[in-house]
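For reference, the structure is listed below as structure tokens.
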Amino acid sequence: VIVADYSHHHSHWTSRRSLSQWLMEQRVPGLYGVDTRLLTKKIREKGALKAKIEFEPSYIRADEETIPFKDINDDNLVKSVSVAEPITYGAGNKHRVLAIDCGIKANIIRELVNRDCEVHLVPWDYDVAST
């Protein structure tokens, strides 16, 4: 979680703990004091950026190991979100659609089926020429 400003004093009458306490319980990193408008502008201009947050040694507990940089471009992210085997939705509907799954949203399939389409969802590496 990255925010421009953080209040160290939570005062909502229903709160049971602070945002900081919740983030620590969930093991979610949080940063404040960041120009979020500038960050948003950079992401818009350049797309997702490779980054790693590092802290001064004085902020790292002695029992914690540093986390190595993981370049997500080393992984096949499409494979990780794609179906493993072909699936058919709306069998018998009037129109036929072949959808190659590169992370398709479930609502896209649902809306195609609602529009009388038989959707054949295939993995990202499916041999379309053999169809």
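Values below: every heavy atom of this structure, side chains too, minus hydrogens, waters and symmetry copies.
Summarising the geometry of Val119 relative to Ala99, their closest heavy-atom pair is CG1-CB, 4.2 Å, with the distance given to 0.1 Å. Contact record, Ser18 with Gln21: N-OE1, 2.7 Å, taken as the closest heavy-atom pair. Listed here is the closest heavy atom pair of Lys94 and Asp116: CB-OD2, 2.9 Å. Glu118 and Gly92 make their closest contact through OE1-N, 2.6 Å (heavy atoms, listed as atom of the first residue, atom of the second, distance). Contact between Ser82 and Trp124 at its shortest, heavy atoms only, is OG-N, 2.9 Å. The two residues Leu23 and Val1 have their closest heavy-atom pair at CD2-CG2, 3.8 Å.
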Got a list of side-chain donor-acceptor pairs under 3.5 Å for residues 37-45, not counting sequence neighbours?
residue : atom : partner : partner atom : Å
Thr40   : OG1  : Thr36   : O            : 2.8

Please tabulate, one pair per line, all N/O donor-acceptor pairs under 3.5 Å involving side-chain atoms of residues 103-113, not counting sequence neighbours.
residue : atom : partner : partner atom : Å
Asn107  : OD1  : Arg110  : NE           : 3.3
Asn107  : OD1  : Arg110  : NH2          : 3.4
Glu111  : OE1  : Arg115  : NH1          : 2.5

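Under the 4.0 Å criterion applied to side-chain N and carboxylate O atoms, Lys79 and Asp125 are not assigned as salt-bridge partners.
Contact annotation: the side chain of Tyr32 never approaches that of Ser20 to less than 4.5 Å [non-hydrogen atoms, C-beta and beyond].
At most 12 heavy atoms of other shown residues, nucleotides or ligands fall within 6.0 angstrom of atom CD in Glu85.
Cluster membership check: Val3 does not share its hydrophobic cluster with Leu31, using side-chain heavy-atom separations under 4.5 Å among Ile, Leu, Val, Met, Phe, Trp and Tyr. Under the 4.5 Å side-chain heavy-atom criterion for Ile, Leu, Val, Met, Phe, Trp and Tyr, Ile87 and Tyr126 are members of distinct hydrophobic clusters. Put simply, Ile72 and Leu49 are part of two different groups of oily side chains (I, L, V, M, F, W, Y) that touch within less than 4.5 Å, one to the next.
Under 3.5 Å, the side chains of Thr14 and His12 contain a donor-acceptor pair of N or O atoms.
Note: Asp35 CG to Ile2 CD1 = 11.5 Å, rounded to the nearest 0.5 Å. Atoms CH2 and OG, from Trp22 and Ser15 in turn, are 14.5 Å apart once rounded to the nearest 0.5 Å.
When the salt bridge (Lys or Arg N to Asp or Glu O under 4.0 Å) test is applied to Asp75, the partners found at least two apart in sequence or on another chain are Lys70.
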